[in-house]
> 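Below are the structure tokens for one structure; questions will follow.
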Amino acid sequence: MDEYAREPCPWRIIDDCGGAFSMGLIGGSLFQMINGARNAPKGFSRRLKGGILRVKERAPIFGGQFAAWGICFSTFDCTFVHLRQKEDPWNSIMSGAAAGAVMVARHGPRQMAGSAVVGGVLLGLIEGMSIMINHFASSQFRPIDPRMVPEDPQALDQQQGQSDSKGWLG
């Protein structure tokens, strides 16, 4: 079995939700620590306390927002896998667009459309970069065509040396 294989769909939703919460909590903690320290009064201990207080107040909210997006995205991804009967980058792109639209549904259809476009484009860029990186990483493991390699590599060097000495008229 592939070591990078994902969980089956019902469990994938929970796994992605937890991963998104963790990512939002860690990233939110860093961001909120800097923001809280920057807005605190002067002095190292005051800035440290201000940063820690801000992390306690806001980082769980940030993690929860990431978790909501993660569960929404993963649910759409599993739905598209089930409906289309295949796993390909289009599922992720459509899931990003759908999750983006659902997350701003309270703001109206115009904002839903804009957020769907942004979500689809971002996921398209992520999937495109992933495909490109996989392509370049796997190209080094492609087998070499035996017809293209000379049996004696030194003969190839000697042959190139003779053709260079003749010049373009020779």
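When a residue number appears, it is its place in the shown sequence, counting from 1. It should be emphasised that the depicted structure is a prediction, and the values quoted were computed from it without experimental measurement.
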> Which pair of heavy atoms, one from Ala99 and one from Cys72, lies closest together, and at what distance?
CA-SG, 3.7 Å

> Can you tell me how far apart CG (Asp77) and CG (Asn91) are? Round to the nearest 0.5 Å.
5.5 Å

> Can you tell if the side chain of His82 reaches within under 4.5 Å of the side chain of Cys9, non-hydrogen atoms only?
no

> Counting only heavy atoms not in Arg46 (residues, nucleotides, ligands), do more than 12 fall under 6.0 Å from its CZ?
no

> Please report the shortest heavy-atom distance between Trp69 and Gly100, naming the atom on each side.
NE1-N, 4.3 Å

> Rounded to the nearest 0.5 Å, how far apart are OG of Ser95 and CH2 of Trp90?
12.5 Å

> For Met103 and Met112, what are the C-alpha separation, side-chain angles and deciding distance, and is it a side chain to side chain contact (heavy atoms under 4.5 Å, CB included)?
CA-CA 8 Å; Met103 295 304 290; Met112 284 178 68; over 6 Å; no

> Which donor-acceptor pairs under 3.5 Å do side chains of residues 54-68 form with protein atoms, sequence neighbours excluded?
from, atom 1, to, atom 2, distance (Å)
Arg54, NE, Gln32, OE1, 2.8

> Sequence neighbours left out, cut at 3.5 Å: what donor-acceptor pairs do the side chains of residues 14-29 make with other protein atoms?
from, atom 1, to, atom 2, distance (Å)
Asp16, OD2, Arg6, NH2, 2.8
Asp16, OD2, Ser74, OG, 3.0
Ser22, OG, Gly18, O, 3.0
Ser29, OG, Leu25, O, 2.6

> Please set out all donor-acceptor pairs under 3.5 angstrom arising from side-chain atoms of residues 118-137, sequence neighbours excluded.
from, atom 1, to, atom 2, distance (Å)
Glu127, OE2, Ser92, OG, 3.4
Asn134, ND2, Ser130, O, 3.3
His135, ND1, Arg142, NH2, 3.4

> To the nearest 0.5 Å, tell me how far Ile34 CD1 sits from Arg47 CZ.
13.0 Å

> Do you reckon Val81 sits in the same ILVMFWY cluster as Ile93, going by side-chain contacts under 4.5 Å, direct or chained?
no

> What distance separates Asn35 CG from Arg38 CZ, expressed to the nearest 0.5 Å?
5.0 Å

> Might you point out which heavy atoms bring Leu48 and Met33 nearest each other, and give the distance in Å?
CD1-CE, 3.6 Å

